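Just so it is clear, the model here is predicted, and its values are computed rather than measured.
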Amino acid sequence: MKTKLNTLFKGLSAFITLWATQSLSALGSGMTGYALILWSYQEKGSALTTALLSICSYTPYVIFSVFAGALSDKWNKKHTMLVCDSTAALTTVLVLVLFITGHLEIWHLYIINAVSGLMNTIQQPASDVSVSLLTPKEQYQRVSGMKSFSNSLNTILTPVIATAVFSFAGMQGVIAFDLFTFITAFITLAFFIRIPEKKRDSDVQEESIWSSVKAGLSYLQKNRGILDLILFLAAINLIASMYDAALPAMLLSRDGGSTAALGLVNTFTGLASLTGSILVSLMPAPKSRVRVICNSLLFSMSFENFLLAFGRNIPVWCLGAVLGWLMIPVMNANMDVLFRTHIPIEMQGRVYSARNTFQFFTIPLGSFLGGLFVDKVFEPFMAAQGADSFFIKLLGSGKGSGAALLFLVLAFAGIAVCLIFRKDRHLWILDQKKAPGHLH
């Protein structure tokens with residue numbers, strides 16, 4: 001048994017150490033963010049106020065990601081991660097001081113979240129490239145599954161632990177746990193992890209930031225398979241973010257829905273992701289990663305949205321969440337492997353950052369459109385239908401039925417996007433194209 005485990009995780013000792021401590025730190029950061037949402041809602045009682053916390057964190061990510069990769073490729077990866085983590089920790093300390101002294105205001109959190117979001121924007125490409133540098137090529141799929149596993153586990157644990165600590169020890173207890181996890185991760189990275197740096201020519205070292213940005217964009221322009229894969233995910237993110245905006249509106253409004261229903265659906269989402277992460281960590285490499293990506297997304301888009309649209313009770317909604325999220329880690333792992341094996345390491349920071357901008361800019365757009373469509377289009381449309389209307393018979397009546405209609409539309413939109421991109425010849429070339437060499 002021990003020999004088999006050693007074979008499965010061969011060459012991953014440094015990555016596992018980094019992954020475990022960084023995941024613990026991410027749990028602490030997530031708990032602080034969740035506790036601040038609870039605190040802000042208790043203070044203002046406004047959903048918009050709490051939503052703006054996330055917007056302030058996410059906006060720097062979308063705007064500055066394309067530049068962050070250029071900096072990441074020029075800077076030492078380990079030092080970049082340490083500085084960004086330390087700056088984010090200082091903002092947490094500032095929150096603690098303001099809270100203890102009774103001076104913490106919502107607008108403070110907007111600024112602090114923007115700074116933390118900017119640090120995450122700079123750190124992520126450095127972290128992504130570090131994983132490539134620490135991981136043997138044949139272990140990329142397993143590493144992606146392990147990352148999905150920790151992300152899913154944090155999704156499940158964050159609200160549970162944060163609520164318990166917040167209730168028992170208050171904001172101070174949550175932030176103290178966050179700082180403890182930061183110190184653990186910082187010491188481990190600073191003193192026990194060696195991240196190799198790939199040597200670069202002197203003329204590349206002097207490359208300007210704007211030239212580096214253009215190099216990343218030029219790489220995508222010349223490598224249509226990678227670019228089209230990013231655009232595929234951008235289209236999926238648009239639909240998924242509309243789903244995220246509509247889900248609370250439906251589950252909190254429909255007959256049989258409640259805050260408990262929303263919590264259960266989110267819990268089953270995390271459990272499904274966790275299960276999928278374990279599966280992909282143990283699965284052998286597929287013959288066609290592009291086929292796995294397309295089929296996984298087609299599976300997810302088909303079942304979940306239909307079950308949410310037609311379901312009228314918690315078990316059906318939870319089943320939809322399981323079917324919708326079970327294959328997402330499988331998709332993510334195979335997409336991650338394609339990126340890591342086809343993009344040269346010296347270009348990964350720049351390309352990953354350009355990817356972040358192109359792939360994720362549709363998320364705030366989708367969130368806005370999802371809320372707009374529910375409030376201004378689909379709910380009024382359903383409210384105007386008569387008792388014998390086809391849509392009433394199909395989806396039910398009352399508040400929340402408009403959100404159900406949007407889920408039905410999203411189901412067909414998701415299927416259409418998957419079928420269109422399945423015919424993209426540039427994607428299939430990725431399965432045949434030989435990957436460049438890597439440094440370990």
Is it the case that the side chain of [X] and the backbone of [Y] share a donor-acceptor pair, with hydrogens and angles ignored and the cut-off at 3.5 Å?
X: H103; Y: V97; value: no
X: R340; Y: D128; value: yes
X: W428; Y: V290; value: no
X: S127; Y: Q123; value: no
X: D336; Y: N332; value: no
X: N223; Y: I226; value: no
X: Q385; Y: F391; value: no
X: H342; Y: L338; value: yes
X: N237; Y: Q359; value: yes

First locate atom [atom1] of [X], then atom [atom2] of [Y], and finally report the distance between them rounded to the nearest 0.5 Å.
X: F339; Y: N334; atom1: CZ; atom2: CG; answer: 12.0 Å
X: F149; Y: N154; atom1: CZ; atom2: CG; answer: 10.0 Å
X: R254; Y: K399; atom1: CZ; atom2: NZ; answer: 12.0 Å
X: S241; Y: L369; atom1: OG; atom2: CG; answer: 8.0 Å
X: L405; Y: M250; atom1: CG; atom2: CE; answer: 12.0 Å
X: I183; Y: T188; atom1: CD1; atom2: OG1; answer: 11.5 Å

task = Scan side-chain atoms only and decide if T21 and T184 contain a donor-acceptor pair under the 3.5 Å cut-off.
result =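 Result is no, nothing qualifies.
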key: Parallel, tilted or perpendicular: rings of F180 and F177 (30°, 60°)   =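 Taking F180 first and then F177, their aromatic rings sit tilted (interplane angle of 30° to 60°).
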ask   = Mind checking whether F306 and F412 have parallel, tilted or perpendicular rings, split at 30° and 60°?
value =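 Perpendicular.
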Which pair of non-hydrogen atoms, one from [X] and one from [Y], has the smallest distance, and what is that distance?
X: S397; Y: I392; answer: CB-CD1, 3.9 Å
X: M171; Y: L36; answer: CE-CD2, 3.6 Å
X: F186; Y: S86; answer: CE1-OG, 3.2 Å
X: K77; Y: S130; answer: CB-OG, 3.5 Å
X: A309; Y: L408; answer: CB-N, 3.8 Å
X: G117; Y: P60; answer: C-CB, 4.1 Å

Is there a side-chain contact between [X] and [Y], using heavy atoms and a 4.5 Å cut-off?
X: T92; Y: S116; result: no
X: V165; Y: M31; result: yes
X: R422; Y: N295; result: yes
X: I161; Y: V174; result: no
X: I100; Y: Q172; result: yes
X: I175; Y: F99; result: no
X: Q139; Y: F15; result: no
X: L427; Y: L229; result: yes

ask   = Which residue pairs pass the ring-ring contact (aromatic ring centres under 6.0 Å, His included) test with at least one member in residues 224-245, sequence neighbours excluded?
value =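 Applying ring-ring contact (aromatic ring centres under 6.0 Å, His included) to every pair that reaches into residues 224-245, excluding sequence neighbours, yields F232-F421, Y243-F407.
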request  = Could you give me the CA-CA distance, side-chain angles and deciding distance for T121 and V62, then say whether side-chain contact (heavy atoms from CB on, under 4.5 Å) is met?
outcome  = CA-CA 8 Å; T121 302; V62 174; over 6 Å; no
ask   = Do I236 and C418 pass the side-chain contact (heavy atoms from CB on, under 4.5 Å) test, and can you show the C-alpha distance, the side-chain angles, and the key distance before you say yes or no?
value = CA-CA 8 Å; I236 293 296; C418 292; 4.1 Å; yes
query = Going through the distances and angles, do L12 and T135 end up as a side-chain contact (heavy atoms from CB on, under 4.5 Å)?
reply = CA-CA 6 Å; L12 293 182; T135 306; 3.8 Å; yes
key: Pairs flagged by salt bridge (charged side-chain N to carboxylate O under 4.0 Å, His left out) wherever residues 158-182 is involved - sequence neighbours left out   =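 Residue pairs with at least one partner in residues 158-182: there are none.
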ask   = Can you name the side chain to side chain donor-acceptor pair (under 3.5 Å) partners of H426, sequence neighbours left out?
value =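 So H426 forms a side chain to side chain donor-acceptor pair (under 3.5 Å) with D228, D424.
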message = Show me the pairs that pass side-chain hydrogen bond (donor to acceptor under 3.5 Å, both in side chains) and involve residues 316-330, at least two apart or across chains.
response =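 Qualifying pairs: E304-W325.
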query = With L319, which residues qualify under side chain to side chain contact (heavy atoms under 4.5 Å, CB included), at least two apart?
reply =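 Only L307, L323 meet the side chain to side chain contact (heavy atoms under 4.5 Å, CB included) criterion with L319.
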message = Please enumerate all residues that pass side chain to side chain contact (heavy atoms under 4.5 Å, CB included) together with S296, with sequence neighbours excluded.
response =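 If we apply the side chain to side chain contact (heavy atoms under 4.5 Å, CB included) test to S296, skipping adjacent residues, the hits are V292, M327, V330, M331.
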Centroid-centroid under 6.0 Å between F373 and F381 rings =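 No.
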query = Going through the distances and angles, do V95 and L109 end up as a side-chain contact (heavy atoms from CB on, under 4.5 Å)?
reply = CA-CA 8 Å; V95 171; L109 299 182; 4.2 Å; yes
